S.K.: 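What follows is a single structure, and I will ask about it in a moment.
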Amino acid sequence: MKAILLAGGKGTRLRPLTVHTPKPIVPILGRPFLYYQIDLLRQVPEIDEVILSLNYQPRRIEEIFGEGEGLGLRLRYVVEPVPLGTGGAVRYAGDSLTDSVVVFNGDVLTQVDLGAVLRLHRERKAKATIVLTPVENPRAYGLVETDADGNVSRFLEKPGDSEITCNTINAGIYVLEPETFERIPKDTAWSIERSFFPSLIERGETFVAFVHDGYWIDIGTPAKYLQVHRDIMDGRFIAPPFDTIGAGAAFVSPEAKIDPGVDLQRPCFIDEGVVIKAGARVLPYSVIGRQTHVEESAVIDGSIIWPNGRIGTEAVVRGALLGRNCHIGRNAAIETPVVLGDKTVITDYSRL
Ligand code: GDD
Ligand code: MG
């Protein structure tokens with residue numbers, strides 16, 4: 001069985017972090033995001049190949065994952081000549097498929113029971129099965145209404161305030177029958193959410209919902225990207241290294257160099273090669289990437305710093321996201337919701 005991972009979006013809401021790092025490989029605790037999705041797909045032994053549907057910076061992704069050596073499943077890359085939208089991408093990547101296929105948005109992290117989703121799809125002999133999840137505010141998602149038998153009765157992408165009728169949204173995970181792909185026009189941008197799903201409902205085809213009540217997040221905005229780190233550190237989503245060191249613990253790589261007299265508060269994640277000088281404070285929910293140097297008396301608080309950063313003496317970085325190779329001058333103060341792109345240099349004493 002094959003899975004298609006839709007990972008061709010530009011990640012605009014995570015800019016500038018995604019200018020040089022496509023969203024599927026933004027690091028979560030030092031690990032490219034796609035690894036977490038592959039972990040989930042591996043739960044279903046039937047899935048032996050993952051087709052990565054890409055168009056934005058595909059080489060960067062291929063460089064990391066290759067053909068999937070060591071992952072326990074094969075990876076294939078399908079690169080669209082132009083962005084075809086979520087529907088066009090499924091058609092382009094899945095044109096030669098004949099069996100049921102699992103389709104996944106490339107930016108969702110969840111512990112959904114994929115095996116159970118597949119069982120429901122088969123029991124109901126569905127043309128399409130969609131995973132739904134309840135959220136507080138469905139505005140930023142696809143709102144999905146169901147009937148008493150668990151069939152999808154309405155799909156409304158990005159509803160307006162007055163159109164919100166329920167709290168279940170499209171979790172971005174589907175099982176589809178390839179025979180339905182024929183109705184997706186070839187080689188033109190087409191949306192699975194705005195066109196394909198509504199067309200299934202109009203034609204009265206068996207379109208079934210699987211409601212997932214457990215952990216689910218779309219990492220595609222700075223706030224959610226910060227949140228997912230907190231969720232792992234707090235044990236709401238189980239992932240390394242907090243699965244073994246325990247929720248709320250401090251992870252400090254044995255390859256990090258922390259001077260005596262550093263105030264290190266948990267939970268936090270300090271990666272290899274990090275150097276933290278005396279008098280510095282690392283407050284809860286901080287993630288400090290490989291080879292980053294934190295100088296004397298600097299304060300890092302609830303921030304995520306990608307590799308090779310330098311945080312100057314007495315600088316304060318609070319609730320911020322810093323890309324790779326950022327240099328923060330001495331006594332600079334950076335506060336939420338600042339997001340700095342790779343190689344940003346902030347002059348001494350600046351305030352952001
Ligand atoms: N290959 C390819 N080509 N992939 C694409 C394209 C494209 O043209 N456009 C978007 N994608 C990928 C993105 O990389 C992402 O992984 C996924 O498709 C969804 O796109 P987003 O841009 O992240 O959409 P969204 O988050 O606003 O909404 C979608 O996800 C929500 C759940 O997170 C919709 O599916 C909503 O209905 C859903 O609720
Ligand atoms: Mg998204």
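Residue indices begin at 1 and follow the sequence shown. In listed order, ligands and their atoms are each counted from 1. No experiment lies behind these values; they were computed from the predicted model shown.
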S.K.: Checking the N or O distance criterion of under 3.5 Å, is ligand 1 in contact with A140?
M.R.: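 No, since none of the N or O atoms of A140 sits under 3.5 Å from an N or O of ligand 1.
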S.K.: Indicate yes or no: does D218 engage R13 in a salt bridge with an N to O separation below 4.0 Å.
M.R.: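 Between R13 and D218 there is no salt bridge, as every charged N stays at least 4.0 Å from the carboxylate O atoms.
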S.K.: Quick one: does L6 get an N or O within less than 3.5 Å of an N or O on ligand 1?
M.R.: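 L6 vs ligand 1: N/O contact under 3.5 Å present.
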S.K.: With atom 35 (O) of ligand 1 as the reference point, say which of K158, K224, E193 has the nearest heavy atom.
M.R.: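 When every heavy atom of K158, K224, E193 is considered, E193 comes closest to atom 35 (O) of ligand 1.
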S.K.: What atoms in ligand 1 come closer than 4.0 Å to a heavy atom of P83?
M.R.: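 Those of ligand 1 that fall under 4.0 Å from P83 are 8 (O).
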S.K.: Are E193 and K158 packed together at the side-chain level, in the sense that at least one heavy-atom pair is separated by less than 4.5 angstrom?
M.R.: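 No, too far: nothing below the 4.5 Å cut-off.
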S.K.: Working to the nearest 0.5 angstrom, can you tell me the gap between I47 CD1 and L73 CG?
M.R.: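 Atom-to-atom, I47:CD1 and L73:CG are 8.0 Å apart.
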S.K.: Of the backbone atoms (N, CA, C, O) and the side-chain heavy atoms from C-beta on, which set of I192 has a member under 4.0 Å from an atom of ligand 1: side chain, backbone, both, or neither?
M.R.: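 It is neither; nothing of I192 touches ligand 1.
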S.K.: Are F155 and F207 close enough that their ring centres sit under 6.0 Å apart?
M.R.: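 That pair fails the under 6.0 Å test.
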S.K.: With a 4.0 Å cut-off on heavy atoms, is W216 touching ligand 1?
M.R.: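 Flag set, W216 near ligand 1.
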S.K.: What distance do I258 atom CD1 and D263 atom CG have between them, rounded to the nearest 0.5 Å?
M.R.: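 Result: 12.0 Å between the selected atoms.
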S.K.: Under 3.5 Å between any N/O of V108 and any N/O of ligand 1: does that happen in this structure?
M.R.: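 No, no N or O pair falls under 3.5 Å.
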S.K.: Given OD2 of D218 on one side and OD2 of D107 on the other, what angle do they make at the Mg ion (ligand 2), to 10°?
M.R.: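 Between OD2 of D218 and OD2 of D107, at the Mg ion (ligand 2), the angle is about 110°.
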S.K.: Would you call the rings of Y225 and H229 parallel, tilted or perpendicular if under 30° counts as parallel and over 60° as perpendicular?
M.R.: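 Because their plane-to-plane angle is over 60°, the rings of Y225 and H229 count as perpendicular.
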S.K.: May I ask which of T168, V103, T12, N170 has a heavy atom nearer to atom 38 (C) of ligand 1 than the others do?
M.R.: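 Considering heavy atoms of T168, V103, T12, N170, the nearest to atom 38 (C) of ligand 1 sits in N170.
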S.K.: For ligand 1, which atoms have a heavy atom of L84 less than 4.0 angstrom away?
M.R.: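 Those atoms are 8 (O).
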S.K.: If you measure every N/O of D107 against every N/O of ligand 1, is any gap under 3.5 Å?
M.R.: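 Yes - when backbone and side-chain N and O of D107 are compared with those of ligand 1, one distance drops under 3.5 Å.
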S.K.: May I ask you to identify the nearest protein heavy atom to atom 14 (O) of ligand 1, giving residue, atom name and distance to one decimal place in Å?
M.R.: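 Of the protein heavy atoms, G9 N, 2.7 Å lies nearest.
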S.K.: Taking all atoms of both residues into account, what is the closest heavy-atom pair of A128 and L176, and its distance?
M.R.: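 Closest approach of A128 to L176, heavy atoms only: CB-CD2, 3.6 Å.
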S.K.: Considering both backbone and side-chain atoms of E80, is one of its nitrogen or oxygen atoms within less than 3.5 Å of a nitrogen or oxygen in ligand 1?
M.R.: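 So ligand 1 has an N or O lying under 3.5 Å from an N or O of E80.
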S.K.: With a cut-off of 4.0 Å, which atoms of ligand 1 are near a heavy atom of A89?
M.R.: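 Counting from 1, the qualifying ligand atoms are 1 (N), 2 (C), 3 (N).
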S.K.: Does Y174 have a non-hydrogen atom less than 4.0 Å from ligand 1?
M.R.: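 Per 4.0 Å heavy-atom rule, Y174 contacts ligand 1.
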S.K.: Rounded to the nearest 0.5 Å, how far does CD of Q37 lie from OG1 of T110?
M.R.: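 CD of Q37 is found 10.0 Å from OG1 of T110.
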S.K.: So is A7 close enough to ligand 1, meaning a heavy atom under 4.0 angstrom away?
M.R.: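 Judged by the 4.0 Å heavy-atom criterion, A7 does count as contacting ligand 1.
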S.K.: Looking only at distances, can you tell me whether any N or O atom of G85, backbone or side chain, sits closer than 3.5 Å to an N or O atom of ligand 1?
M.R.: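 Among all N and O atoms of G85, at least one is under 3.5 Å from an N or O of ligand 1.
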S.K.: Would you call D99-K2 a salt bridge at under 4.0 Å N-O?
M.R.: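 Salt bridge between D99 and K2, a charged N being under 4.0 Å from a carboxylate O: no.
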S.K.: Let me know which of K125, K127, R183 forms a salt bridge (charged side-chain N to carboxylate O under 4.0 Å, His left out) with E205.
M.R.: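 Output: one option passes, namely R183.
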S.K.: Is the shortest side-chain N to carboxylate O distance from R330 to E295 below 4.0 Å?
M.R.: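 The answer is no: the pair does not qualify as a salt bridge.
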S.K.: Would you name the heavy atoms of F269 and G30 that are closest together and state the gap between them?
M.R.: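 Heavy atoms only, the tightest pair is CE2-N, 4.3 Å.
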S.K.: Has ligand 1 got any nitrogen or oxygen that is less than 3.5 angstrom from a nitrogen or oxygen of A171?
M.R.: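 No; every N/O pair is 3.5 Å or more apart.
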S.K.: Should S53 be counted as touching ligand 1, given the test is an N or O pair under 3.5 Å?
M.R.: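 N/O-N/O distance under 3.5 Å: yes.
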S.K.: Measure centre to centre between the rings of F237 and F242, then say whether the value is under 6.0 Å.
M.R.: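 Ring centroids of F237 and F242 are no less than 6.0 Å from each other.
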S.K.: Have a look at I130, L5, N105, I169 and point out the one with the heavy atom closest to atom 19 (C) of ligand 1.
M.R.: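 Result: the heavy atom closest to atom 19 (C) of ligand 1 is in N105.
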S.K.: Pick, from R13, K23, R194, the option with the minimum heavy-atom distance to atom 24 (O) of ligand 1.
M.R.: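 Ranked by closest heavy atom to atom 24 (O) of ligand 1, first place is R13.
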S.K.: Of all the heavy atoms in K10, does at least one lie under 4.0 Å from an atom in ligand 1?
M.R.: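 It does not, in that no heavy atom of K10 comes within the 4.0 Å cut-off of ligand 1.
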